[in-house]
Amino acid sequence: MIGRRQFLIGSAIAAAGAATIKAAAAAETAVLPTLDAPAAATDSAYWTAVQNLYDVDRSIANLENGYWGIMARPVLETYIENTERVNRENWFYARSAFGGDFENVRLRVAAAVGGQPEEIAITRGATEALQILISGYNKLQPGDTVLYSDLDYDSMQYAMAMLKDRRGVELKTFAIPEPATKEAVLAAYKAVLDQTPKAKLLLLTHLSHRTGLVMPIREIADMARAKGVDVIVDAAHSWGQIPFKAPDLGADFVGFNLHKWIGAPVGMGFFYIKKDRLADIDIHMGDQDWPADDIRSRVHTGTINFAAALSVPAAIDLHEKIGAPAKNVRLNHLRNYWVEKLRPIETLEILTPDDASMHAGITSFRLKGKGSKDDNNAVVVRLRDEFKVLTVRRAGVAAGQCIRVSPALYTNEAELDRLVAALTSIASS
């Protein structure tokens, strides 16, 4: 009886291992031609092959890919296989093998983002990652001040505001200037740091979900450090659009997404805590599963989506197969394609500058003098219903609400032509 039990257990482990190998190899089924490096942004054969990895409804142009990124077919196939395996093997896999596989996922993420494994912990998204970093930051004293701007993400603003009650600190907010330039942005951060001698913590968004503005993040982080201010960076939208590694940001605390521009299943993210700063973030909810000097004690999620986690390496494989630099130039091309055609229209305000260091694929706009919720909702509805173009209204920008355009790797120029025609008509009317 013992021998039979051991045989069955061994067979189950072998089956799980075989499924893991099969799933990990799925991303490699994506056969792409060689990219023409001098024409990387517009190599039609290459980007058509990439577009063909995505099953999308072309009857409507989806230019709202900032919410979450759909999985490419190789990742989706991996996710389905993992879902079937976890559902089939259930408790045995979850209790006997998932822990090791999940650790391998963490190691894969650490390698991809340029961090050490002991600096990375997996979460259910950037929101959870950043909430943990903000709420757990324990170096604040009553009377200290924390800072954030109008372009920072709503949930992160809420978490910063919560520190007033939890830590007894003061809250100071400020607006990023329009029109935005690198010099104006740096001046705004310098001014708020100079004017706030009790500042101890700054929330800093690498790429704004509201307007698409990319911050000169290293310069701001260095500026804050010189003032004795710690920085928590929101990199939810930047990793996957912009080539960089976590240490490049110059910040000790960073929250990332895996289900936006990396293309993993929904519900995956992680945070980075520089190794010598772990003690400055509280253990999460009194966790006792991990030692206090293990970063995994800083997130206690409970039961996660096993299959989603197991599919993260397939998403990273495809991300790296295409390459962050290639993704960056393609997304910038798609952004420039429509912006260059529409910027001459005086009744349209394009909210990110053409300086390549200040944008990636996302850019927002508003009709001049039309910054209300109703104004922008009306444009979003007309784009959707009349022109079959999906966009989204974004609130919270100090100068007025706006509409975000976020193409994806599967977006083609014909869909952007539809946006250009639509906005030309709307602006003229």
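What you see is a predicted model; the values in this text were computed from it and never measured. Along the sequence shown, the residues carry numbers beginning at 1.
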Undergrad: Give the minimum heavy-atom separation between S311 and A307, together with the two atoms involved.
TA: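 Result for this residue pair: OG-O, 2.7 Å.
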
Undergrad: Can a donor-acceptor pair be found between the side chains of Q401 and R393 at a distance below 3.5 Å?
TA: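 Present: a donor and an acceptor within the cut-off.
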
Undergrad: Scan L32, V75, L76, V31 and name whichever one has a side-chain contact (heavy atoms from CB on, under 4.5 Å) with L53.
TA: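 Answer after filtering L32, V75, L76, V31: L32.
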
Undergrad: Is R106 salt-bridged to E103, cutoff N-O under 4.0 Å?
TA: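 Between E103 and R106 there is a salt bridge, with a charged N closer than 4.0 Å to a carboxylate O.
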
Undergrad: Do other residues, nucleotides or ligands put more than 12 heavy atoms under 6.0 Å from R166 CZ?
TA: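 Open: at most 12 neighbouring heavy atoms sit under 6.0 Å from CZ of R166.
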
Undergrad: Under the side chain to side chain donor-acceptor pair (under 3.5 Å) rule, collect the residues that match up with R225, sequence neighbours excluded.
TA: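 R225 satisfies side chain to side chain donor-acceptor pair (under 3.5 Å) with no other residue.
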
Undergrad: Do Q116 and K275 pair up side chain to side chain, a donor and an acceptor below 3.5 Å, judged on atom types alone?
TA: yes

Undergrad: If you measure from the Lys or Arg side-chain nitrogens to the Asp or Glu carboxylate oxygens, is any gap between D280 and R277 under 4.0 Å?
TA: yes

Undergrad: For atom CE of M162, decide whether the heavy atoms of other residues, nucleotides or ligands shown that lie under 6.0 angstrom number more than 12.
TA: yes

Undergrad: Aromatic contact between Y189 and F174, with the criterion being ring centroids under 6.0 Å apart: yes or no?
TA: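 Yes, the ring centres sit under 6.0 Å apart.
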
Undergrad: Let me confirm one number: the CG-CD distance from D150 to E178, rounded to the nearest 0.5 Å.
TA: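 Taking CG in D150 and CD in E178, the distance rounds to 8.0 Å.
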
Undergrad: Which heavy atom of V299 sits nearest to which heavy atom of A121, and what is that distance?
TA: CG1-CB, 3.9 Å

Undergrad: Is a side-chain donor or acceptor of R124 paired with a backbone partner of G269 at a separation under 3.5 angstrom?
TA: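 Between the backbone of G269 and the side chain of R124 there is no qualifying donor-acceptor contact (under 3.5 Å).
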
Undergrad: Go through the side-chain N and O atoms of Y79 and N305 and say whether any donor and acceptor fall under 3.5 Å apart.
TA: yes

Undergrad: Among residues at least two apart in sequence or on other chains, which ones pass salt bridge (charged side-chain N to carboxylate O under 4.0 Å, His left out) with R394?
TA: none

Undergrad: Can you confirm whether the side chains of Y337 and D417 place a donor and an acceptor under 3.5 Å from each other?
TA: yes

Undergrad: For a side-chain contact (heavy atoms from CB on, under 4.5 Å) with T363, tell me which candidate from T352, N336, L351, L342 qualifies.
TA: T352

Undergrad: Any salt bridge between K368 and E346, counting N to O under 4.0 Å?
TA: no

Undergrad: Going by heavy atoms in the side chains, are P142 and V169 under 4.5 Å from each other?
TA: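 No, every pair of side-chain atoms sits at 4.5 Å or beyond.
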
Undergrad: Quick one: do the D57 and S59 side chains pair a donor with an acceptor below 3.5 Å?
TA: yes

Undergrad: Decide yes or no for V312 and R108: does some side-chain heavy atom of the first lie under 4.5 Å from some side-chain heavy atom of the second?
TA: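 Not in contact.
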
Undergrad: Could you check whether any side-chain heavy atom of K227 comes within less than 4.5 Å of a side-chain heavy atom of T196, counting everything from C-beta outward?
TA: no

Undergrad: Please check if any side-chain donor atom of N332 sits under 3.5 Å from a side-chain acceptor atom of H359, or the reverse.
TA: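 The answer is yes; a qualifying pair exists.
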
Undergrad: For K190, I'd like to know if atom NZ has over 12 heavy atoms of other residues, nucleotides or ligands within 6.0 Å.
TA: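 No - once you tally the heavy atoms of other residues, nucleotides and ligands closer than 6.0 Å, there are 12 at most.
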
Undergrad: Do Y272 and W239 have ring centroids that are under 6.0 Å from one another?
TA: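 No - the distance between ring centres of W239 and Y272 does not fall below the 6.0 Å cut-off.
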
Undergrad: Apply side chain to side chain donor-acceptor pair (under 3.5 Å) to D287 and S297, showing your working.
TA: CA-CA 6 Å; D287 178 80; S297 67; 5.0 Å; no

Undergrad: How many angstroms lie between CD1 in I362 and CG in N65, if you round to the nearest 0.5 Å?
TA: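 Going from CD1 on I362 over to CG on N65, the span is 9.0 Å.
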
Undergrad: Go through the side-chain N and O atoms of Y46 and D36 and say whether any donor and acceptor fall under 3.5 Å apart.
TA: no

